[in-house]
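A short worksheet on the structure shown next.
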Amino acid sequence: MSTQPTITAVSERSATTPASRRRSLVASTVGNVLEWYEWSAYAVFAPFIAAAMFDPGDPVSALLATLAVFAVGFLMRPLGGIVFGRISDRAGRKFVLITTMLMMAGGSLVIGLMPTYDTVGVWASVILLLARMTQGFAHGGESATANTYVAEIAPPHRRGLWGSIVFVAIFAGSVLAYTVGGAVSAVLDKGALTEWGWRIPFILGAFLALAALYLRKGMDESEVFHDKDDDAARAASPAQVTPPAPLSRKQLVRSILLVIAMTSGITASHYTWTSYASTYAITQRGMPASAAYWSSVAAQLIGLISLPFWGWLSDKIGRRPLIIGFAVLMILFQLPLTGMITSAPWTLLVAASLALLIVAIPGALLSSTLSESFPTRVRTQGIGFAYSVSVAGFGGSAPYLNAQLIEWDAGWMFSVYIMVLCACTAVAVWLMPETKGIDLKDA
């Protein structure tokens with residue numbers, strides 16, 4: 001008798017409507033856009049942060065140090081993915097999405113207001129490092145939970161289409177960061193931009209987060225998450241409903257390793273063409289900062305527009321053929337597209353547009369593919385660990401590795417590195433089953 005009310009409460013709590021699910025999708029997406037804006041703003045303004053927060057006597061060393069801090073933020077993502085993934089799988093997706101939003105906004109505000117190297121010396125670098133570590137920790141939880149949440153509230157036959165919205169938010173956040181970068185660099189001269197103008201996007205992001213928090217407070221909790229509690233409650237009741245068989249440790253490890261390998265080429269390609277391409281054009285090819293930013297904005301908008309199409313197509317033909325197609329295309333075009341970039345803005349526009357159209361293919365499918373790879377009870381933890389490890393190891397290190405290889409006059413090696421990782425993506429997807437349209441409760 002003591003268990004029946006629990007089942008009823010869970011069922012009532014999990015009741016949602018199509019309209020409320022759509023509102024929840026919007027709330028999750030708006031918050032995700034702002035989180036990715038705050039995250040991407042650091043990469044956009046890396047050359048100016050380098051001048052303000054590190055020893056200005058060696059510009060190359062300062063830029064490498066700034067990109068290294070960028071990588072350290074990524075190294076915190078697996079820890080955040082594990083910690084927040086566990087919280088999400090126990091306390092719910094909504095709680096984590098609100099908490100990570102607050103942490104990202106706080107880190108952004110600290111970066112926007114912190115003193116410079118000239119004012120406090122090495123402590124400026126330390127404060128910057130701690131702020132990025134906090135953001136990286138939050139971002140690991142946000143990415144895993146957002147991918148899980150959107151996939152779980154989506155209709156099974158449209159999961160690819162709905163899931164593509166997660167990567168739309170990633171692109172949109174980056175586009176917003178580059179748009180602000182382009183606007184600020186166009187309005188301010190280089191002296192003002194270097195001295196204080198670079199702070200504007202971080203302070204702006206912290207205040208915009210308040211609107212996202214308001215929307216996220218009204219989100220529904222995932223029905224799939226609550227159904228997990230239903231299964232546990234019913235299994236303890238006299239009816240003894242048998243829950244799905246849990247994933248064995250061996251199966252879980254295999255799924256994690258395959259997801260890490262699958263996302264390695266995707267994330268390295270993504271961060272190369274969204275976060276580093278403009279920095280490369282500015283610092284290595286002498287392209288004006290404003291022109292590089294606007295070229296990147298246009299290229300990312302082209303990639304963004306294509307995302308829903310790839311998600312829709314995956315609901316028709318499956319996830320595997322599209323991701324393998326991405327890997328083949330990137331192997332063929334990574335080296336020539338990088339070599340295309342000169343000081344002329346149109347070269348960055350064309351190269352980045354083509355690259356991001358290719359990157360958009362698997363990006364649109366990540367939410368659905370990742371969620372379909374793990375069972376509900378460990379879904380966010382599995383995604384949080386596997387995806388964050390891959391992003392930290394192959395995405396966060398990409399700008400630093402690229403800059404360092406260029407400094408060693410071996411920039412071509414980075415393109416080969418991307419090509420090898422894309423080959424790993426193709427092999428991993430080949431070994432994974434097709435999961436299009438499955439019921440996530442049976443994953």
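What you see is a predicted model, and the numbers here were worked out from it, not measured in a lab.
Looking at every heavy atom in both residues, A352 comes nearest to A299 through CB-CB, 3.5 Å. Smallest separation of non-hydrogen atoms from T380 and D89: OG1-OD1, 3.1 Å. Here the closest non-hydrogen pair linking T263 and Y387 is CG2-CD1, 4.0 Å. Closest heavy-atom contact between P155 and W162: CD-CE2, 3.5 Å. Listed here is the closest heavy atom pair of S367 and G163: CB-O, 3.6 Å. Summarising the geometry of V33 relative to A172, their closest heavy-atom pair is CG2-CB, 3.9 Å, with the distance given to 0.1 Å.
Within 6.0 Å of CD on Q284 lie more than 12 heavy atoms contributed by other residues, nucleotides or ligands.
Considering only heavy atoms from C-beta on, T29 stays 4.5 Å or farther from V168 through its side chain. Side-chain atoms of I438 and R159, non-hydrogen and from C-beta on, do get closer than 4.5 Å to each other. Within the 4.5 Å cutoff, no side-chain heavy atoms of T338 are placed close to those of F414. With a 4.5 Å cut-off on side-chain heavy atoms, V175 and Y37 do not count as touching. The closest side-chain heavy-atom distance from V120 to M114 is not below 4.5 Å. Side-chain contact between F171 and T274 is present, with at least one heavy-atom pair separated by less than 4.5 Å. Contact of the S373 side chain with the L258 side chain is not registered, since no non-hydrogen atoms from C-beta on lie closer than 4.5 Å. Between I82 and Q381, every side-chain heavy-atom pair lies at or beyond the 4.5 Å cut-off.
Side chain of R77 to main chain of S388: no donor-acceptor pair is present (N/O by atom type, distance under 3.5 Å, no hydrogens or angles). Although no hydrogens or angles enter the test, the distance criterion places no donor-acceptor pair under 3.5 Å between the side chain of R132 and the main chain of I111. For the pair N32 (side chain) and A169 (backbone), a donor-acceptor distance under 3.5 Å is absent. Between the S295 side chain and the P345 main chain, a donor and an acceptor come within less than 3.5 Å of each other. Proximity of a side-chain donor or acceptor of E434 to a complementary backbone N or O of R320 within less than 3.5 Å is detected. At least one donor-acceptor pair under 3.5 Å links the side chain of T369 to the backbone N or O of L365. The closest donor-acceptor contact from the side chain of T425 to the backbone of G265 lies under 3.5 Å. Checking side-chain atoms of R379 against main-chain N and O of S371 turns up a donor-acceptor pair under 3.5 Å. Using a distance-only test at 3.5 Å, with no hydrogens or angles considered, no donor-acceptor pair links the side chain of N147 to the main chain of I383. Put simply, the side chain of E35 never gets that close to the backbone of M104: no donor and acceptor are under 3.5 Å apart.
In this structure, the separation between CG on L337 and CG on L348 is 11.0 Å, given to the nearest 0.5 Å. In this structure, the separation between OG1 on T267 and OH on Y271 is 5.0 Å, given to the nearest 0.5 Å. Within the model, atoms CG of L213 and CG of L102 stand 4.5 Å from one another, a figure rounded to the nearest 0.5 Å. To the nearest 0.5 Å, the span separating CG on L109 from CD on E38 amounts to 9.5 Å. We find the CE-CH2 distance between M340 and W346 to be 6.5 Å, quoted to the nearest 0.5 Å. To the nearest 0.5 Å, atom CH2 of residue W312 and atom CG of residue L307 are 15.0 Å apart.
A tilted orientation is assigned to the rings of F48 and F45, their planes being inclined by 30° to 60°. Relative ring orientation between H270 and W36 is described as perpendicular, the plane-to-plane angle rising above 60° on a 0-90° scale split at 30° and 60°.
Ring pair F137/F84: centre-to-centre distance below 6.0 Å.
Residues Y280 and R285 have side chains that bring a donor and an acceptor to within less than 3.5 angstrom of each other. Side chains of W273 and Q334: a donor on one and an acceptor on the other come within 3.5 Å. Side-chain N/O atoms of T148 and T145 include no donor and acceptor closer than 3.5 Å.
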Apply side chain to side chain contact (heavy atoms under 4.5 Å, CB included) to residues L366 and M262 and explain how you reach the verdict. CA-CA 10 Å; L366 274 179; M262 179 194 73; 4.0 Å; yes
In sequence, state the C-alpha distance, the side-chain angles, and the governing distance for V126 and L130, and then conclude on side chain to side chain contact (heavy atoms under 4.5 Å, CB included). CA-CA 6 Å; V126 172; L130 292 175; 4.2 Å; yes
Trace of the side chain to side chain contact (heavy atoms under 4.5 Å, CB included) decision for I200 with W196: CA-CA 8 Å; I200 294 174; W196 58 269; 3.8 Å; yes
Starting from the C-alpha separation in whole Å, work towards a yes-or-no answer on side chain to side chain contact (heavy atoms under 4.5 Å, CB included) for D315 and R319. CA-CA 8 Å; D315 286 328; R319 324 297 188 207; 3.0 Å; yes
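With respect to R216 and E142, a salt bridge is recorded, a charged nitrogen being found less than 4.0 Å from a carboxylate O. Ion pairing between K436 and E372 fails under the 4.0 Å rule for side-chain N and carboxylate O.
In summary, of the residues considered (W294, W198, Y293), a side chain to side chain contact (heavy atoms under 4.5 Å, CB included) with S185 occurs for Y293 alone.
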